[in-house]
Amino acid sequence: MELTTVWFSLIAVLWIGYFVLEGFDFGVGMLLPLIGRTEDERRVLINTIGPVWDGNEVWLLVAGGATFAAFPEWYATLFSGFYLPLLLILVALIVRGLAFEYRHKRDDATWRARWDLAIIVGSAVPAVLWGVAFGNILRGVPIDSDLEYAGGFFNLLNPYALLGGATTLMLFLTHGAVFISLKTSGRVREHARDLATKLGVGAALVTVVFLGWTQLDTGTVPSALAFAAAAVALVLGLLAVLAGRDGWSFVGTFLAIGLGVAGLFLALFPDVMPTSLAGGTGLTTTNAAATAYTLKIMTVVAVLFTPLVLAYQAWTYWVFRRRISVDHIPAPLPTPFAP
Amino acid sequence: MDLDTLDIARWQFAITTVYHFMFVPITIGLSALVAGYETAWVRTRNRQWLRLTRFFGKLFLINFAIGVVTGIVQEFQFGMNWSDYSRFVGDVFGAPLAIEGLLAFFLESTFLGLWIFGWDRLPARLHAACMWLVHLGTLFSAYFILAANSFMQNPVGYRYDPESGRAEMTDFAAVMFNKVQLVTFPHTVLAAYMTGAAFVVGVAFWQLVRKARDEEDRSMYRSAVRSAAMVVLVAGIGVTVSGDFQGKVMTEVQPMKMAAAEALYETEQPADFSVFTVGSLDGSEERFAIKVPRLLSFLATGDAGGEVVGIDDLREQYAEEYGSDPGAAYYSPGDYTPVIPLTYWTFRLMMGLGMAAAAVAVWVLWATRRGRTPRGRWLLASVLALPFLPLFANSFGWIFTEMGRQPWAVFGLMTTQNAVSPSVSPTEALISLVVLTLLYGVLAVVEVKLLLGYARHGADKVDDDDLPPERPDHDPDRPLAFAY
């Protein structure tokens with residue numbers, strides 16, 4: 001296999017890792033007001049992702065860095081092109097990340113309510129916008145012959161891309177609800193399971209429409225197989241929810257998101273950012289790539305260190321495997337100073 | 001004045017980077033100290049170390065959170081505002097950034113999660129090891145990002161491909177072990193140790209003289225003050241030595257930056273170092289100055305009689321080497337020359353503040369010798385200023401090294417003017433600048449308030465039932481040892 005294809009696949013893997021992991025912590029964040037009726041319940045929710053959300057987010061940073069290194073033109077065109085949506089995502093990730101760390105630092109209802117809002121909005125905005133961004137990448141955006149984006153902001157808000165946003169939103173909500181039912185016990189768990197079924201039906205509907213549309217537009221045989229597998233995984237996952245099998249339902253939504261994203265990349269290949277302009281030049285794995293030398297160095301580094309990262313990240317999930325309920329939540333830290 | 005995308009993008013880079021780098025050095029330095037205190041606790045079982053671990057651990061987390069989230073902007077900003085730069089150097093510059101993510105960010109975030117929530121889930125030694133791994137992650141991070149920056153100062157290990165019109169990597173090891181990198185990394189990391197330790201001295205000393213209620217508190221804070229003040233001093237000596245090496249390398253690879261640091265227009269042999277100068281506004285004419293004879297020669301060349309080439313000669317030399325200056329239209333005061341008053345003063349402020357920090361550390365060590373608790377007002381005022389000295393020295397150092405490289409983004413290869421994103425409109429860039437600046441401003445207020453509140457409160461006492469278990473506790477009903 002050519003090195004450019006290897007790196008296209010590795011970047012796909014990084015995005016898959018990002019969406020299957022941060023997908024559920026976005027979901028948990030968005031479900032905060034729905035499932036967390038009391039302060040203790042909200043703390044249960046936040047603490048299911050407390051030890052892991054930051055590690056999940058690093059998948060995004062590495063995906064960004066790897067794109068910079070392996071496909072500099074892709075990185076440059078994408079990030080300067082999708083400028084304002086990316087800015088929104090950045091702002092969302094900033095306030096959300098701080099909220100987890102600062103929310104409990106003062107025992108004060110107003111303070112907490114503000115950070116709760118930061119968690120909810122900070123989770124919802126990227127959950128939608130990543131879907132919109134990927135929809136636009138697949139559909140093709142105006143890129144001129146200098147490989148520069150020439151589309152402006154409103155070009156990004158088309159029905160297909162917005163449907164992509166709805167799809168990631170619904171999938172992450174479902175994934176989050178399933179994760180909560182896996183990680184908690186008591187009323188929170190019951191509530192999450194109940195929501196997972198309802199959200200799951202909605203997610204299945206938009207997902208099928210979005211993936212079907214993608215398949216008709218740009219699909220290939222491999223992408224069709226991946227999409228079909230994603231749909232099956234999602235349905236099986238939802239059946240597992242009904243059967244009360246938390247572990248299997250999480251495997252189901254995990255695979256559904258992973259396979260769905262894999263299918264999107266298969267539908268995209270060998271393009272990385274097709275152009276919608278008649279005289280424009282689209283970006284492909286060839287014309288956007290770094291040199292073979294750089295790709296070789298990066299391959300060695302990735303082969304050496306990725307297994308290590310996967311091992312210790314998996315170990316973290318093992319260390320914090322215990323289910324939590326409101327009974328496990330300690331009293332809030334006393335505020336050591338006058339607000 | 002007409003703002004274009006270039007101006008706005010430069011302001012955004014300056015604001016977001018200087019801001020981000022307020023939190024980073026504290027993270028690097030403080031993670032080492034907290035890990036050290038926890039190791040002392042595990043080894044001695046003396047509770048004062050546990051109290052210090054928890055106290056400074058809490059302050060560390062308040063600081064770390066904001067460092068992390070503002071770091072995301074840094075990773076994306078190159079593509080957003082500097083897309084032509086990204087296209088031009090991505091083949092070289094992208095690799096260290098990607099490796100930084102893979103090696104450093106995963107390590108920091110994962111093991112910090114384990115450290116925060118793992119007090120009762122991990123054996124005591126392993127728990128302490130988690131903080132050491134976080135610290136290792138910060139060092140990896142510093143190494144790779146500084147290697148990337150060093151390429152901008154002194155491009156090596158690449159060839160220019162006229163066909164693709166970009167710089168392409170030919171020797172990864174040369175990029176990683178760039179001679180600028182080899183002096184910049186120790187300089188920056190030692191300065192970070194100074195910064196983290198100065199923070200600890202400031203907080204612990206205030207607690208010692210103002211709040212400590214009993215002998216247990218006093219002895220604990222004295223341990224913190226003295227251990228951290230030693231770090232400030234030793235790291236300070238290291239910063240000076242590495243900075244000296246850096247000066248020689250800079251003279252070799254970026255002589256214009258050295259000349260700009262001294263505002264040396266005419267070549268001199270030997271060259272004096274001015275501590276303070278009043279000059280004309282553009283810095284080209286000197287009205288009054290305090291000078292140390294031959295010091296600049298020594299700093300730049302290692303020989304008190306060495307020749308230091310001045311700005312005017314370098315300008316001619318560069319004009320010949322690179323043709324007419326592509327950045328001349330944009331950058332004053334002249335061809336190939338950075339803004340001299342800025343480089344001149346940031347260079348001095350960096351050194352001055354750093355030396356002042358080391359001096360305060362010596363004073364503190366002397367005043368607290370053999371169990372003394374000094375109560376002098378001047379000492380207290382100086383120690384309260386101490387955390388800010390290395391903090392601002394870092395900022396000035398970075399402003400100096402980045403502004404001293406101008407008009408180049410990559411020295412000799414690409415000017416800043418040609419690095420900016422052509423497809424980003426001034427309106428978009430302005431929205432981004434305003435949004436990020438306002439957000440960062442608000443967050444700074446929130447962060448400082450929290451930090452001061454917890455710092456003033458001091459280290460909580462530890463009762464017997466507060467001690468973390470020595471072995472992991474698997475009782476499924478036990479409440480979480482720590483919860484958000």
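Labels below follow one simple rule: chain letters A, B, ... track the order of the sequence lines, proteins then strands, and each chain is numbered from 1. We use all heavy atoms of the structure for the numbers below, so side chains are in, but hydrogens, waters and symmetry mates are not.
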Between [X] and chain A, with a heavy-atom cut-off of 4.5 Å, which part of the residue counts as in contact: side chain, backbone, both or neither?
X	result
B:Ser432	both
B:Leu122	side chain
B:Asp84	side chain
B:Leu480	both
B:Leu112	neither
B:Ser164	neither
B:Phe78	both
B:Val68	side chain
B:Ala429	both
B:Glu447	both
B:Tyr440	side chain
B:Leu439	side chain

Let me know if [X] has heavy atoms under 4.5 Å from chain B in its side chain, its backbone, both or neither.
X	value
A:Phe71	neither
A:Trp111	side chain
A:Ala289	backbone
A:Phe100	both
A:Ile297	side chain
A:Leu90	side chain
A:Leu78	neither
A:Trp74	neither
A:Thr77	both

Indicate whether the side chain of [X] and that of [Y] have a donor and an acceptor atom separated by less than 3.5 Å.
X	Y	value
A:Ser123	A:Asp25	no
B:Glu108	B:Ser141	no
A:Gln313	A:Trp59	yes

Flag if over 12 foreign heavy atoms under 6.0 Å of [atom1], [X]:
X	atom1	value
A:Arg114	CZ	no
B:Lys449	NZ	no
B:Lys211	NZ	yes
B:Arg210	CZ	no
A:Arg321	CZ	yes

Below 4.5 Å, heavy-atom pairs only: which of [options] has the largest tally toward chain A?
options	result
B:Val73, B:Leu103, B:Ile99, B:Val446	B:Leu103
B:Gly79, B:Gly458, B:Ala481	B:Gly79
B:Val435, B:Val92, B:Thr170	B:Thr170
B:Thr70, B:Leu107, B:Leu97	B:Leu107
B:Asp477, B:Val89, B:Asp161, B:Leu452	B:Asp477
B:Gly101, B:Gly118, B:Gly453	B:Gly453

Kindly give the heavy-atom pair with the smallest separation between [X] and [Y], and that separation in Å.
X	Y	result
B:Ser421	B:Met80	OG-O, 2.8 Å
B:Ile116	A:Glu101	CD1-OE1, 4.0 Å
B:Ala483	A:Pro330	CB-CD, 3.6 Å

B:Phe76 and A:Phe79 aromatic ring geometry - parallel, tilted or perpendicular at 30°/60° bounds:
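Tilted, since the angle between the ring planes falls between 30° and 60°.
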- [ ] Please state whether the rings of A:Phe68 and B:Phe93 are parallel, tilted or perpendicular, taking 30° and 60° as the class boundaries.
- [x]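 Rings of A:Phe68 and B:Phe93: tilted, 30 to 60°.
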May I ask you to name which of [options] has the most heavy-atom pairs under 4.5 Å with chain B?
options	answer
A:Ile94, A:Val319, A:Asp146	A:Ile94
A:Val95, A:Ile46, A:Val309	A:Val309
A:Leu308, A:Thr291, A:Leu295	A:Thr291
A:Leu147, A:Thr294, A:Val62, A:Asp144	A:Thr294
A:Val301, A:Val52, A:Thr67, A:Leu98	A:Leu98
A:Tyr312, A:Trp53, A:Phe153	A:Tyr312

(Q) Run A:Leu333 and A:His104 through side chain to side chain contact (heavy atoms under 4.5 Å, CB included) and show every step you take. (A) CA-CA 7 Å; A:Leu333 289 176; A:His104 71 287; 3.7 Å; yes
Between B:Phe106 and A:Phe305, is the gap from one ring center to the other below 6.0 Å? no
Do B:Tyr484 and B:Phe117 have ring centroids that are under 6.0 Å from one another?
yes
inquiry  = Walk me through whether A:Phe82 and A:Val141 qualify under side chain to side chain contact (heavy atoms under 4.5 Å, CB included).
reply    = CA-CA 10 Å; A:Phe82 293 7; A:Val141 288; 4.1 Å; yes
Check: What do the steps show when you test B:Leu102 against A:Met298 for side chain to side chain contact (heavy atoms under 4.5 Å, CB included), and what is the final call?
Finding: CA-CA 11 Å; B:Leu102 188 63; A:Met298 295 287 300; over 6 Å; no
- [ ] Decide yes or no on side chain to side chain contact (heavy atoms under 4.5 Å, CB included) for B:Asn81 and A:Tyr83, but give the supporting numbers first.
- [x] CA-CA 9 Å; B:Asn81 277 347; A:Tyr83 194 86; 2.5 Å; yes
